[in-house]
Amino acid sequence: MRLPSKRAKISANMAFDDRQDRYPFPEIEARWQKAWADRQQFTVTEDPGRPKYYCLEMFPYPSGRIHMGHVRVYAIGDLLARYKWMRGFNVLHPMGWDAFGLPAENAAIDNGVHPAVWTYENIDNMRTQLRRMGISYDWDREVATCDPAYYKWEQLIFIRMLERGLAYRRRSRVNWCPSCQTVLANEQVEAGRCWRCDSEVTIREIDGWFFKITDYAQELLDWCDRLPGWPERVLTMQRNWIGRSEGAEFALPVVGRPDLRISIFTTRPDTSFGMTYAVLAPEHPLVDRIAAGEEERRRIDAFRAEVARETEIERLATDRPKRGLRLEARAVNPFTGGEIPLFLADYVLMGYGTGAIMAVPGEDQRDWDFAKANRLPIIATVKRPEGWREDQAYTGDGVKINSRFLDGLSLEEAKRKAIDWLVGEGLGQAKVNFRLRDWGISRQRYWGAPIPVLYCERDGMVPEREENLPVVLPRDVQISGKGGSPLAEVPSFVNATCPRCGGAARRDTDTMDTFVESSWYFLRYCSPTYDRGMFEPAAAAYWMPVDQYIGGIEHAVLHLLYARFYTKVLRDLGMLKVDEPFRALLSQGMVIKDGAKMSKSKGNVVDPDDLIRRFGADTARLFSLFAAPPEKDLDWNDRGVEGASRFLNRVWRFVHANLPELTTAARTPAGPLSEAGRAFRRVIHGTIQKVTHDIEHDFHFNTAISAVMELVNALHDFERASLDGMARPERSALLREAVEATVLLLGPVSPHITEELWAALGHRESLFKQVWPTADPGALARDEVEIVVQVDGRVRGRLTAAVDAREAEVREMALADGKVRPWLDGRRIAKVVVVPGRLVNIVTRG
RNA sequence: GCGAGAGUGGCGGAACUGGCAGACGCGCUGGACUUAGGAUCCAGAGGGGCAACCCGUGGGGGUUCAACUCCCCCCUCUCGCACCA
């Protein structure tokens, strides 16, 4: 009876789309986006009088179009930003573009379009797409890292780092395509071959710039314990990446060569008496001097060429045979005084430790495998446990054996004593080693920030003068994908004057790793147009650190570690007060579809534009947040999107169908509530409590949204049930309270429809200037609870007890329960466990 | 390979510090309203069984009155890799 008439009313009042019966989201979303922009609602300035909240999502690479991963991360960020607005914070929520990088150069090679043109067109497209999502960005703070006004400051910091020895030059290995005559990124190497010409990739040594992140290894590690807002799994990955290990460093003399000593690092100095051979990395610089003659030199070169074809992952794999080459020279184990053979082997890397190891096959599995393959002796220096089969290395604890003055000691004691001995003999010392390597930042690419140094015949390497910055990337350049750095082909760029002597000098033609730009963009947002420095000190002092950083788990190590490092460098340069850039981190999972990452080749891509056109941004955002908790992968499902859309429509319809009653109702129910009214009010306030908790506690927006859905379900039930038997003012006031709570709680998720509904409910001010609702403890209070009764762990009955019922009382009720008694017949009660307010478990025997 | 995560109905996912497994949504089934329904509303539903009940959180052990949750072993999948001397 009521439904048809209600339906008629709905159609007449609400301008539903005729065909689809959907609320008019295109118009609503456009209108509110314009209103927020016109009012500059999310434009912020520093306001010391209010608590600040800096909410940041990892900025995108301007690939051309946003994808669902972007929708997800920005929906998460915007929810938090808007929530914090409603909580009274002064929220900084900026957006920009990680605009340098390889794809722009590839586009230039493939389509002949200039990287700058390509990049800025993409930015324009993506900005339009993002605006359609209705994110609360302060667009006045937009930055693009390819802007000289941006990278100028990065060049300045480079020079400061150079002055402090934090930037230095050395040789390093790169992938080289002999056919294209160019350096390849790892990404451009496919199964050992060049992705363009399919030639076999080789390794080349070239000079490049490094940042000395290893100087900060200990501090970066220490602060992992002081970042409680970070996910533990990311901190664990960072700790492992930094890879601190304690041990000893000492020298092995080369037999007959008093001029040569091989320095080795070991975490197990206690096993030194088990050293039966030693290994150098094939790249080790001493190898050339150790080589005995022409013939051995040739063998070494051949071996090096073989190893050069292996990736580091292959070289370190423990499940494949290790390659080795025995050298003619021998070394001395200083502990035993005995001679041991020397090898080159692929499993020893130049980049870790000293690039040489003492091999202890008895207590190291890789050494064991290599020793077995090369018929080398194996000596046990730790007593094996009872029944140990001598078929693998023993890496466990135990008493030292076969180790002369270390015999009988525990492993830890022996480590200390071995080091003491080394120190006493003047052979070595205790040493802390890190797995972390310095950060190579030189790229032989065009589309990046130029490295601001020159090379002068007379003065050598000279940094550019500060007043000459930025060193601007020249526009006219040929990008072919062949040959060296494209900048080397631009005479007007290369040929410059020496900042020191004024003579002729050549500029460095490499550009910086794009990770450098992304290591400080969050600082630039604090004062994006400031032109007297990287950032305005007062602005950075106000906004930093970022309170909540949000981005993909794939950045768990590299980007996040580099940004932490860069921040510490700036602090040590006296520019910044904070020690860490990101107070809290939310690592969100990927968006997948049909069990696989979205990709064009798999044909499972969902286009956000298309989605927004069909369902609206509010629905797209709602679904992204509802379908999975943020840290997990999200399996995209088109049907699920329809469900999200259906939910918003349901809310829309309910509000409009009851508008007259809602707008005339009292704000709070007058007088005492009926029992049904109290029950409903408990649902309302329970929802407020749960949503707030889920947002604050663990970012589980999916359960927050499901709680609102439950409230809406309860709202419908209440609306129907309260028609009879409830006083009209009570009903109306409760309906209003519930609807307003729904709209407020849903605001950060789906901001356009909720603004519209909020206005329809008679409010003049923006929803996002409202105060977030708080749960009324009085409304939450209940006087009875349901208690589950188990017999031997199985649910056999349930009973209702007073909240404050005593344990003995509940126990008696359970034992007397009619449903429970038959299960106790003929059994002896061994024990009764009472969990207050939850359950009773009656344990029987026999 | 190493490092880090994840495995729960037909599907996405719930389940607080060990206490009723499957909230919420999708899909499905039945019904109502409709010229119509791919709109909307109501109801049902983990699997087995007429039922009482039994079985169920990747697999196998264990701890406990009680295990998705804690411990040990194994399997599968995902992410990162410059990487353990």
Side-chain angles (χ1 to χ4, degrees), chain A residues 3-4 6-7 10 16 19-22 172-173 186 231-234 236-237 239-245 247 264-268 279 311-320 347-349 351-360 364 366-367 433-440 552-558 587 589-590 592 595-597 623 626-629 631-644 646-647 649-650 653 693 697 700 702-703 705-710 713 716 786-790 792-795 798 830-833 835 838-844:
Chain A
L3 286 175
K6 190 163 166 180
R7 169 93 203 272
I10 291 164
F16 261 104
R19 270 192 337 276
Q20 301 183 331
D21 272 357
R22 289 212 185 111
S172 66
R173 292 152 51 90
N186 285 339
E232 200 49 50
R233 65 166 160 159
V234 173
T236 304
M237 281 191 259
R239 286 188 192 103
N240 291 340
W241 186 267
I242 295 166
R244 183 183 201 272
S245 56
I264 63 110
F265 171 75
T266 177
T267 55
R268 293 289 303 273
V279 186
T311 65
E312 290 207 353
I313 291 176
E314 287 165 349
R315 287 177 64 170
L316 291 160
T318 52
D319 64 338
R320 62 182 266 297
Y347 75 100
V348 174
L349 299 177
Y352 187 80
T354 60
I357 61 159
M358 69 174 198
V360 186
D364 182 286
R366 284 162 315 162
D367 295 347
N433 192 50
F434 293 95
R435 217 176 51 155
L436 182 69
R437 294 190 206 158
D438 279 338
W439 173 14
I553 185 68
E554 66 273 18
H555 293 111
V557 179
L558 288 178
S587 283
M590 295 186 309
I592 58 176
K597 199 167 175 171
F623 180 72
F626 176 63
E631 74 277 6
K632 287 183 69 172
D633 286 351
L634 186 159
D635 200 341
W636 195 265
N637 178 301
D638 293 334
R639 296 283 201 178
V641 178
E642 286 170 30
R646 192 147 52 217
F647 171 69
N649 275 288
R650 200 161 122 88
R653 241 182 289 116
H693 174 268
H697 179 68
H700 279 189
N702 56 329
T703 52
I705 291 167
S706 70
V708 179
M709 287 175 170
E710 286 179 85
N713 289 341
H716 279 83
E786 191 188 63
I787 306 266
V788 170
V789 184
Q790 298 181 331
D792 294 324
R794 286 164 193 273
V795 181
R798 18 192 102 232
K831 187 176 176 183
V832 179
V833 181
V835 182
R838 277 184 185 274
L839 63 64
V840 177
N841 189 13
I842 303 165
V843 187
T844 71

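Sequence lines set the chain letters: A, B, ... in the order given, protein chains first and strands last, and positions in each chain run from 1. Hydrogens, waters and symmetry mates are skipped; everything else that's a heavy atom, side chains included, is used.
Among the heavy atoms of the strands, none lies under 4.0 Å from Ala556(A). Heavy atoms of Leu436(A) sit under 4.0 angstrom from at least one base atom. Residue Phe623(A) is classed as having no contact, given no heavy-atom separation below 4.0 Å to the nucleic acid.
Within the 4.0 Å cut-off from OP1 or OP2 of A39(B), not a single side-chain nitrogen or oxygen of Asn649(A) is found. Neither OP1 nor OP2 of C81(B) sits under 4.0 Å from any side-chain N or O of Asn186(A). Residue Arg239(A) places none of its side-chain N or O atoms closer than 4.0 Å to OP1 or OP2 of G3(B). For Arg794(A), a side-chain nitrogen or oxygen approaches OP1 or OP2 of C55(B) to under 4.0 Å. Phosphate proximity of C26(B) to Arg646(A): present, with a side-chain N or O under 4.0 Å from OP1 or OP2. When the side-chain nitrogen and oxygen atoms of Asn702(A) are compared with OP1 and OP2 of C24(B), none of them lie within a distance under 4.0 Å. Proximity of Arg233(A) to the phosphate of U78(B): no side-chain N or O atom is located under 4.0 Å from OP1 or OP2. For Arg650(A) and C41(B), the shortest distance from a side-chain N or O to OP1 or OP2 is below 4.0 Å.
With a glycosidic angle further than 90° from 0, G61(B) counts as anti.
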Inset, instruction - Would you sketch RNA chain B in dot-bracket for me? Only Watson-Crick or G-U wobble pairs with both distances under 3.5 Å count, crossing pairs as [ ], other-strand pairs as |, the rest as dots. - result: (((((((..(((......[....))).(((((.......))))).(((....)))..(((((..]....))))))))))))....

